[in-house]
Amino acid sequence: SGYHASISLTSGFVNAVKDLGHEVEVFVSGKLDFHNGGKVQHLEKFITFLKKPCDILIVVGGSEKFTPLYAFPEVMELFESLPCKKVGFITEGITSRTVIYEKTLKAIHLWTHIIVVDCLDEEILRRYTDVPILWIKGIVDETFFKPIGLEKKYDVKFIGTIHMCREPYI
């Protein structure tokens, strides 16, 4: 299997797939600006990664992970021609920001399967595609991801980057 991922978000997911006995390769993209001239080398590495055969390619993240897949004709043509299952794992609610909504819809034609973490996304995306959509409950569900036998020390813990427009509200 192949993954294009933000490693901080998906390392647990990747480890779980490895624990099931699958071989996993990860391409860490981060939040790189693929349109910046200095990122051409990174784009070439991305293309090389995509050319490696796999059974399933899972692109994990928000809209910025999908942009190089449709913004560059060479990449889009290559991606569409891949004989594997292509899963878009959308980790940010598409209604959270207009840019997320727009970029997710630009990439929707690329997926053979979609995973969402927001139940509203499933309903919205069904208007635009007939591919299977799976809603995964539990990404931040303390009844699913809970430490067993550990003393509670904090009411809230946060992992990730706070969007600068949302920081005043936190």
Side-chain angles (χ1 to χ4, degrees), residues 1-18 20 22 24-35 46 49-50 54-72 75-82 84-146 156-170:
S1 297
Y3 292 83
H4 164 50
S6 169
I7 196 66
S8 63
L9 179 62
T10 61
S11 59
F13 182 71
V14 169
N15 289 335
V17 172
K18 285 181 181 179
L20 291 171
H22 298 282
V24 177
E25 184 174 355
V26 176
F27 181 85
V28 180
S29 66
K31 290 192 176 188
L32 294 174
D33 178 4
F34 280 92
H35 295 287
F46 180 57
F49 174 80
L50 287 177
C54 66
D55 298 319
I56 302 173
L57 177 69
I58 303 175
V59 183
V60 181
S63 63
E64 77 281 350
K65 305 298 184 302
F66 307 153
T67 302
L69 300 174
Y70 63 77
F72 299 96
V75 175
M76 186 168 67
E77 186 177 312
L78 171 62
F79 192 81
E80 290 175 329
S81 72
L82 296 174
C84 63
K85 294 190 186 314
K86 294 167 275 221
V87 180
F89 189 159
I90 302 166
T91 58
E92 182 173 0
I94 65 170
T95 59
S96 64
R97 293 184 282 154
T98 303
V99 68
I100 300 295
Y101 187 86
E102 291 171 352
K103 289 185 175 192
T104 299
L105 291 184
K106 282 182 182 178
I108 199 165
H109 70 281
L110 299 170
W111 313 123
T112 60
H113 297 75
I114 296 173
I115 300 172
V116 296
V117 298
D118 185 329
C119 63
L120 295 176
D121 291 353
E122 179 183 12
E123 182 181 324
I124 293 167
L125 294 177
R126 288 205 186 282
R127 299 177 203 158
Y128 300 96
T129 185
D130 293 328
V131 303
I133 300 173
L134 173 64
W135 168 48
I136 296 183
K137 178 184 176 191
I139 296 300
V140 291
D141 183 348
E142 75 285 350
T143 61
F144 186 79
F145 290 103
K146 60 181 177 185
V156 177
K157 288 186 177 182
F158 178 79
I159 299 174
T161 304
I162 299 172
H163 188 277
M164 65 181 158
C165 296
R166 297 180 189 145
E167 193 170 6
Y169 302 104
I170 295 180

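- Of all heavy-atom pairs between Gly93 and Asp121, the closest is CA-OD2, 3.4 Å.
- Ile56 contributes atom CD1, which lies 7.0 Å from atom NE2 of His22 (distance to the nearest 0.5 angstrom).
- Phe79 CZ to Leu69 CG: the interatomic distance, rounded to the nearest 0.5 Å, is 5.0 Å.
- In this view, Leu120 and Asp118 satisfy the side-chain contact (heavy atoms from CB on, under 4.5 Å) rule, not counting sequence neighbours.
- Scanning for salt bridge (Lys or Arg N to Asp or Glu O under 4.0 Å) contacts around Glu102 gives an empty result, with sequence neighbours left out.
- Classified by interplanar angle (parallel below 30°, tilted 30° to 60°, perpendicular above 60°), the ring pair Phe66/Trp111 is perpendicular.
- The side chain to side chain contact (heavy atoms under 4.5 Å, CB included) test with Val116 is passed by exactly one of Leu134, Ile90, Thr104, Ile136: Ile90.
- Annotation: side chain of Thr67 is not in contact with side chain of Phe72 (no heavy-atom distance under 4.5 Å).
- Every residue two or more places apart in sequence or in another chain that forms a side-chain contact (heavy atoms from CB on, under 4.5 Å) with Lys106 is listed here: Tyr70.
- Here Val131 pairs with Ile114, Thr129 under the side-chain contact (heavy atoms from CB on, under 4.5 Å) rule; sequence neighbours left out.
- Looking only at side-chain heavy atoms (C-beta outward), Leu110 and Met76 come within less than 4.5 Å of each other.
- Counting heavy atoms from C-beta on, the side chains of Leu105 and Leu125 come closer than 4.5 Å.
- The side-chain hydrogen bond (donor to acceptor under 3.5 Å, both in side chains) search around Glu122 returns Arg126, not counting sequence neighbours.
- Between the SG atom in Cys54 and the NZ atom in Lys85 there is a gap of 11.5 Å [rounded to 0.5 Å].
- Taken to the nearest 0.5 Å, the CD1 atom of Ile100 stands 9.5 Å off from the CD1 atom of Ile94.
- Considering only residues two or more places apart in sequence or on other chains, Thr95 meets the side-chain contact (heavy atoms from CB on, under 4.5 Å) condition with Ile124.
- In this structure, Ile108 CD1 and Arg127 CZ are separated by 11.0 Å, a value rounded to the nearest 0.5 Å.
- For the pair Leu57 and Leu50, the minimum side-chain heavy-atom distance is below 4.5 Å.
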